[in-house]
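Order of appearance sets the numbers: ligands from 1, and atoms from 1 within every ligand.
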Amino acid sequence: MAQTSLETYITEHESRFLDDLKEWLRIPSISTLPEHAGDIRRAAEYAANQLRTIGFEHVELVATQGHPLVYADWLKAEGKPTVLIYGHYDVQPVDPIDLWQTPPFEPAERDGNLYARGACDDKGQTMLVLKALEALMRTAGSLPVNVRVLIEGEEENGGEAVEHFVRTASHRLACDAALICDTHMPSAENPALISGLRGIIYTEVEVRGARQDLHSGSYGGVAPNPLHTLAIIISRLKDAEGHIHIPGLYDRLRQPTAAEKTFWQQDPLHMNESLLEEMGVTQFTGEAEYPPLERIWGRPTLEVHGIVGGFTGEGAKTVIPAVAKAKISMRLPADLSADEVFTLFERTVHDYAPAGVIVSVRKIHTGEGVLVAPDSQAVAAATAALQETYGKEPVFMREGGSIPIAALFDAILHAPVVLMGFGLPDDNLHAPNEKFSLAQYYKGIRTVARFLQHMA
Ligand code: BES
Ligand code: ZN
């Protein structure tokens, strides 16, 4: 009976659920760009209003050093467990804007998908949780468990504010389990629970040479060239075979489980093919002795995101630049501590720098990876919910991205974390034409509602 009315409620309200998501997506809440501070606030208020309308209490915009957090709770399910739900209302920048088929902040439906920045990551996945809560509340008059909601506004910018809040106000987040919907499934037919995410260190390496830019005819041959120095440092850090040459880096890396090794080697869901297809390339790069899935999920990696310096305009200018900078990050399986790796990274960059330049390494942000215990009751509840909505047992697999808050919930709140996401591999996160499948949005609502019922 309860199930029928829940199902009916969701079906009857699907189109409004979509309208509410679209309205949220129209707010350009880009956390990394200061000119969007007002939009960030509006996006936070939008989430707070949704929570108030559902019937949440203590709905609050928590002021921080950075962007506000949205907190709310509903704690009237006496004797029932408490579930902490986390999401983020900030989104990535939109450049290159020319490559969007429709404007990023004008949500557009095409072929069963909703296109907009944040459609999947993470407004779509946060809104589906709010709609699950609404459906439960409207049909039963109460929630099956106690719920705390925490939605942050700077996940895409390092998530410092939320980290501070979790560390200093952990009593406000006391819970028996945490739910994060900010990950993917291998395909719409294959639901997944995520068993591990990588941590990250994000850095800026700056090289300074001469006092000012120099004429390459008068000084070329004796002057330090910061751009070339950067190229040398970068090529020494990671070789053409994808091996990272940072002494000590691989020492602490733990062996994956036998089941993981088999999954990575055999690739039963043919994810390798999809990866090539998504990237639009014909072969993988990196450490050939490890299967591609292991390279993304289980190995540390190092990437250069951008290099600036010198002359890049039209035509020619014979200049030796005085300064050059590179943004370099590393992804780290949960066994490796981000702070320890940063120290190793910094030392190695200095070691690899030729004499005659000044090199500095700046930490932009770091976050720990996480491994999820497969045997918690919360994981069992999520497994049952996915099985019911998708008609198929979820796979338990890792992903290569980072959600640093997950490790913090684990370490500070001692709460088992459920990483249950509804994104699909071709959702174009952080890229032009980000989208979210409408079918996934509606199934997500049903799955989260059932998950909370199972938690009771
Ligand atoms: N939703 C992603 C995390 C993600 C990406 C999980 C891909 C699984 C696969 C999240 O919003 C994100 O992009 N996180 C950043 C974290 C960083 C800024 C600390 C990331 O992974 O780059
Ligand atoms: Zn996200």
Within-4.5 Å side-chain heavy-atom neighbours: Val94 and Phe105: yes
Non-hydrogen side-chain atoms of Ile180 and Phe409 separated by less than 4.5 Å: yes
Quick one: does Glu156 get an N or O within less than 3.5 Å of an N or O on ligand 1? yes
Would you name the N/O/S atom of His88 that lies closest to the Zn ion (ligand 2)? NE2
Please name the pair of heavy atoms, one in Asn113 and one in Lys435, separated by the smallest distance, quoted to 0.1 Å. CG-CD, 3.3 Å
Looking only at N/O atoms, are Ser402 and ligand 1 under 3.5 Å apart anywhere? yes
Provide the closest heavy-atom pair for Asp267 versus Asn272 in the form atom of the first, atom of the second, distance. OD2-N, 2.9 Å
What atoms in ligand 1 come closer than 4.0 Å to a heavy atom of His88? 11 (O)
Can you list the atoms of ligand 1 that are under 4.0 Å from a heavy atom of His184? 7 (C), 9 (C)
Give the residue and atom name of whichever protein heavy atom lies nearest to atom 19 (C) of ligand 1, and the separation in Å to one decimal. His365 CE1, 3.6 Å
Verify whether one side chain among Glu152 and Tyr86 offers a donor that lies under 3.5 Å from an acceptor in the other. yes
Tyr89 to Ser29 - nearest heavy-atom pair and separation: O-OG, 2.8 Å
Heavy-atom pairs closer than 4.0 Å: do any link ligand 1 to the side chain of Arg331, the backbone, both, or neither? side chain
Nearest heavy-atom approach of Cys175 to Leu84 is SG-CB, 3.7 Å
protein heavy-atom neighbour closest to atom 6 (C) of ligand 1 works out as Asp182 O, 3.8 Å
Yes or no: does Asp122 have any heavy atom under 4.0 Å from an atom of ligand 1? no
What protein heavy atom sits nearest atom 5 (C) of ligand 1, and how far away is it? Gly401 CA, 3.9 Å
How does Asp121 reach ligand 1, by side chain, by backbone, by both or by neither, if only non-hydrogen atoms under 4.0 Å count? side chain
Quick one: angle Asp121 OD1 - the Zn ion (ligand 2) - Asp182 OD1, to the nearest 10°? 90°
Is it the side chain, the backbone, both or neither of Glu155 that has a heavy atom closer than 4.0 Å to ligand 1? both
Angle between ring planes, Trp297 versus Trp264, binned at 30° and 60°: parallel, tilted or perpendicular? perpendicular
Could you check whether His245 and Tyr352 have their ring centres less than 6.0 Å apart? no
Between Thr447 (side chain only) and Ala385 (backbone N and O only), is there a donor and an acceptor less than 3.5 Å apart? no
N/O of His430 under 3.5 Å from N/O of ligand 1, yes or no? yes
Please list the nearest protein heavy atom to atom 9 (C) of ligand 1 with its residue and the distance rounded to 0.1 Å. Glu399 OE1, 3.3 Å
